[in-house]
Amino acid sequence: GGTVPCYPVFMIKGPISLPTIDVIGEYRITIAQIIREDEFVIVDPRPWSRGVRHNGVTSIAGQLTPASPRLSEVRLAPGPHEIVLSGLDETGTSSLLVAWRDVYSMF
């Protein structure tokens, strides 16, 4: 929904090593970090909250790989998207939660 791009918020739950969020055909965000079973990482590109936080608190923005886009460029255009989490997870229990809001132009 919406008429203009929105800022998605991604939450990766472990266990996973080198987690990669792939918005197919648009961009790929890779974090050079190990996320343990009881941990999570939030990737939040919203201007008022921008950051990559381990367990929602500690900044690990420096762990984004150089091929990852700048957080200011991480947006989703209106319409459907395929979003995939990949990485090294021997248990197959890691997960990705994506949250967004429909955004409309006021002009």
Side-chain angles (χ1 to χ4, degrees):
T3 58
V4 294
C6 70
Y7 293 104
V9 177
F10 304 101
M11 184 166 88
I12 304 167
K13 293 182 181 180
I16 190 168
S17 298
L18 294 170
T20 298
I21 302 165
D22 192 357
V23 180
I24 305 297
E26 296 185 40
Y27 53 82
R28 179 179 286 173
I29 301 168
T30 301
I31 303 168
Q33 180 83 13
I34 296 171
I35 305 170
R36 299 194 193 316
E37 183 175 351
D38 57 343
E39 299 176 337
F40 63 93
V41 167
I42 295 177
V43 179
D44 188 349
R46 299 174 300 173
W48 56 89
S49 182
R50 190 166 288 151
V52 180
R53 294 179 187 85
H54 182 258
N55 288 335
V57 179
T58 307
S59 176
I60 58 167
Q63 297 299 315
L64 291 174
T65 61
S68 298
R70 294 174 148 273
L71 290 179
S72 61
E73 298 169 356
V74 174
R75 295 189 184 169
L76 292 175
H81 298 274
E82 185 176 353
I83 303 173
V84 177
L85 173 66
S86 61
L88 304 172
D89 174 9
E90 294 178 3
T91 67
T93 60
S94 61
S95 63
L96 172 67
L97 175 69
V98 183
W100 71 93
R101 290 183 174 211
D102 296 342
V103 180
Y104 297 89
S105 174
M106 297 298 290
F107 300 100

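Inter-residue side-chain proximity for Ile42 and Val52 is flagged as unmet; no heavy-atom pair is nearer than 4.5 Å. Contact annotation: the side chain of Cys6 never approaches that of Asp102 to less than 4.5 Å [non-hydrogen atoms, C-beta and beyond]. A heavy-atom distance below 4.5 Å is found between the side chains of Pro15 and Thr93. Between Val9 and Arg46, some side-chain heavy-atom pair lies under the 4.5 Å cut-off. Counting heavy atoms from C-beta outward, Val43 and Leu71 have side chains that approach closer than 4.5 Å. Between Val74 and Pro8, the closest side-chain pair of non-hydrogen atoms falls below 4.5 Å. Pro19 places a side-chain heavy atom less than 4.5 Å from the side chain of Leu85.
Heavy atoms from other residues, nucleotides or ligands lying under 6.0 Å from CZ of Arg53 number more than 12.
With rounding to the nearest 0.5 Å, the separation of CD1 in Ile12 from CD1 in Ile35 is 5.0 Å. Expressed to the nearest 0.5 Å, how far CD of Gln33 lies from CG of Leu64 amounts to 10.5 Å. With values rounded to the nearest 0.5 angstrom, Glu37 atom CD is found 11.0 Å from Ser94 atom OG. How far CD1 of Ile83 is from CG of Leu76: 5.0 Å, rounded to the nearest 0.5 Å. Taking CZ from Arg28 and CD1 from Ile21, the interatomic distance works out to 11.5 Å, rounded to the nearest 0.5 Å. Taking CG from Asp22 and CD1 from Ile24, the interatomic distance works out to 3.5 Å, rounded to the nearest 0.5 Å.
Under the 4.5 Å side-chain heavy-atom criterion for Ile, Leu, Val, Met, Phe, Trp and Tyr, Ile31 and Val23 are members of the same hydrophobic cluster. One hydrophobic cluster holds both Ile60 and Phe10 under the rule that ILVMFWY side chains link at heavy-atom gaps under 4.5 Å.
When every heavy atom of Pro5 is checked against every heavy atom of Pro78, the shortest pair comes out as N-CD, 4.0 Å. Closest non-hydrogen pair, Val4 versus Ser105, comes out as CG1-CB, 4.0 Å. The nearest pair of heavy atoms linking Ile34 to Ser17 is CG1-OG, 3.6 Å. Here the closest non-hydrogen pair linking Tyr104 and Thr3 is CA-OG1, 3.3 Å. Across every non-hydrogen atom of Ser86 and Ile16, the tightest pair is O-CD1, 3.7 Å.
Using a distance-only test at 3.5 Å, with no hydrogens or angles considered, no donor-acceptor pair links the side chain of Asn55 to the main chain of Val57. Checked by atom type and distance alone, the side chain of Tyr27 pairs as donor or acceptor with a backbone atom of Arg75 at under 3.5 Å. Ser68 contributes a side-chain N or O that, together with a main-chain N or O of Thr30, makes up a donor-acceptor pair within less than 3.5 Å.
In this structure, a donor-acceptor pair under 3.5 Å is present between the side chains of Glu26 and His81.
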